[in-house]
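Okay, structure first, notes after.
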Amino acid sequence: MVSRCLAILLAATTAVARTPAGFAPASDTDLIVEYNGFAPLNGAVISKSVTSSEPRIGTLARLNGTSYAVMMIDLDIPTNNPPQTNTLLHWMQTGLTPSSTATQLNTTSGTIRAFLLENRSNTTAVAPYFGPNPPARVPLSHRYTQVLVDTSGMTEEGGQALRAAAAARSGFEASAVLAQAGLEGKVVAGNFYNVTNLGPARAGTVVANATGTSGVGTTSGTGAGASQTSVPVAGTAGLRPGGVLVGGLVMVGMVALGL
Ligand SMILES: *[C@@H]1O[C@H](CO)[C@@H](O)[C@H](O)[C@H]1NC(C)=O
Ligand SMILES: *[C@@H]1O[C@H](CO)[C@@H](O)[C@H](O)[C@H]1NC(C)=O
Ligand SMILES: *[C@@H]1O[C@H](CO)[C@@H](O)[C@H](O)[C@H]1NC(C)=O
Ligand SMILES: *[C@@H]1O[C@H](CO)[C@@H](O)[C@H](O)[C@H]1NC(C)=O
Ligand SMILES: *[C@@H]1O[C@H](CO)[C@@H](O)[C@H](O)[C@H]1NC(C)=O
Ligand SMILES: *[C@@H]1O[C@H](CO)[C@@H](O)[C@H](O)[C@H]1NC(C)=O
């Protein structure tokens, strides 16, 4: 199921959880997150330019539920009281259905066969995706965490609780939100990746509407970062050039790998 490259990557990862240490709700089941041939899995470092549009997501094992939701949360939003940080919801999509057949994903981390989560019912995102855009503030490295939640039996009230919690985006606490929605214990897979601003970190306070702070209010993921220089970061062992890069992806790949 898993390619040799990915197997090596996974073997080299000592953490049991696929979600970051200390994060709740934790999951030790792989959530495959793929952006146009890049699969930043299990803490891999990735350039923000790769992650500007919503990824495809999937699982290595076939899921039985009828309905799933994905959430992506930045756990490392700077505040005016460092090292205190805040959280920010980047994406919440409900109404996803698991494919009954695996799709081969050709990625820079190897070939992955995943059962993709599909938006067959064309459900509008509860919180539309916007991409990572860490500002030049402490902490420079942000952990973008994705969890997949089984919403098969979710009530109407549960759906309303998700929508209410997603409206603010800032200060999003996944465990509390899932409890409010009656979805405790329903996380079935997780992942996180690391996008780092190369700095140097600016001093001073966060202006409430400074775009670099969080990206709140942008749905494209590009508006907020338009004034910031795109900062490529060095690749990790998990990111290797594959034979599948095509066209413009080659350039992006070289940037992501620091080549
Ligand atoms: C899915 O169904 C199979 C067979 O019916 C069962 O063994 C498995 O535990 C189920 N998986 C989940 C996640 O419920
Ligand atoms: C992935 O690569 C295989 C060959 O390794 C090829 O047959 C397949 O068409 C590729 N899939 C995509 C979506 O590019
Ligand atoms: C979802 O959108 C696609 C593409 O626009 C369309 O072909 C399909 O019929 C839609 N499905 C539903 C359930 O509305
Ligand atoms: C699902 O479909 C809706 C309506 O077309 C769209 O707004 C949303 O972005 C889609 N989400 C995903 C994950 O494809
Ligand atoms: C994220 O990546 C940066 C750059 O490689 C590294 O300095 C930092 O320690 C990483 N942070 C986490 C939480 O993994
Ligand atoms: C903050 O927003 C207000 C009103 O939209 C605007 O007048 C002000 O210039 C903005 N400040 C910064 C630093 O962007």
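In listed order, ligands and their atoms are each counted from 1.
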- Task: Please could you name the atoms of ligand 2 that Gln104 approaches to less than 4.0 Å, counting only its heavy atoms?
- Result: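 In order of number, 1 (C), 2 (O), 3 (C).
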Got [X] and [Y] here, is their nearest side-chain heavy-atom distance under 4.5 Å?
{"X": "Thr19", "Y": "Val187", "value": "no"}
{"X": "Leu60", "Y": "Ile32", "value": "yes"}
{"X": "Ile112", "Y": "Leu41", "value": "yes"}

Ligand 3: which protein N/O atoms lie under 3.5 Å from its N/O atoms?
{"residue": "ligand 3", "atom": "2 (O)", "partner": "Asn122", "partner atom": "OD1", "Å": "3.1"}
{"residue": "ligand 3", "atom": "2 (O)", "partner": "Asn122", "partner atom": "ND2", "Å": "2.3"}
{"residue": "ligand 3", "atom": "11 (N)", "partner": "Asn122", "partner atom": "ND2", "Å": "2.9"}
{"residue": "ligand 3", "atom": "14 (O)", "partner": "Asn122", "partner atom": "ND2", "Å": "3.3"}

Need the ligand 5 atom indices (1-based, order shown) with element for anything under 4.0 Å from a heavy-atom of [X].
{"X": "Asn194", "result": "1 (C), 2 (O), 3 (C), 8 (C), 10 (C), 11 (N), 12 (C), 14 (O)"}
{"X": "Thr196", "result": "1 (C), 2 (O), 3 (C), 4 (C)"}
{"X": "Val45", "result": "2 (O), 5 (O)"}

- Item | All side chain to side chain donor-acceptor pair (under 3.5 Å) counterparts of Ser152, not counting sequence neighbours |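 Side chain to side chain donor-acceptor pair (under 3.5 Å) list for Ser152, sorted by chain: Asp150.
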- Message: For Ser141, give me all partners under side chain to side chain donor-acceptor pair (under 3.5 Å), at least two apart in sequence or on another chain.
- Response: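 Testing Ser141 for side chain to side chain donor-acceptor pair (under 3.5 Å), a comparison that skips the adjacent residues, returns Thr196.
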- Item | Separation between CZ of Arg169 and CD1 of Ile77, rounded to the nearest 0.5 Å |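 It is 11.5 Å, given to the nearest 0.5 Å.
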- Quick one: salt bridge (charged side-chain N to carboxylate O under 4.0 Å, His left out) partners of Glu54, sequence neighbours excluded?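 Salt bridge (charged side-chain N to carboxylate O under 4.0 Å, His left out) check on Glu54 returns nothing, list empty.
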- Query: Which atom names give the shortest non-hydrogen contact between Pro40 and Asn191, and what distance separates them?
  - Reply: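 Smallest heavy-atom distance, with atoms named: O-ND2, 3.1 Å.
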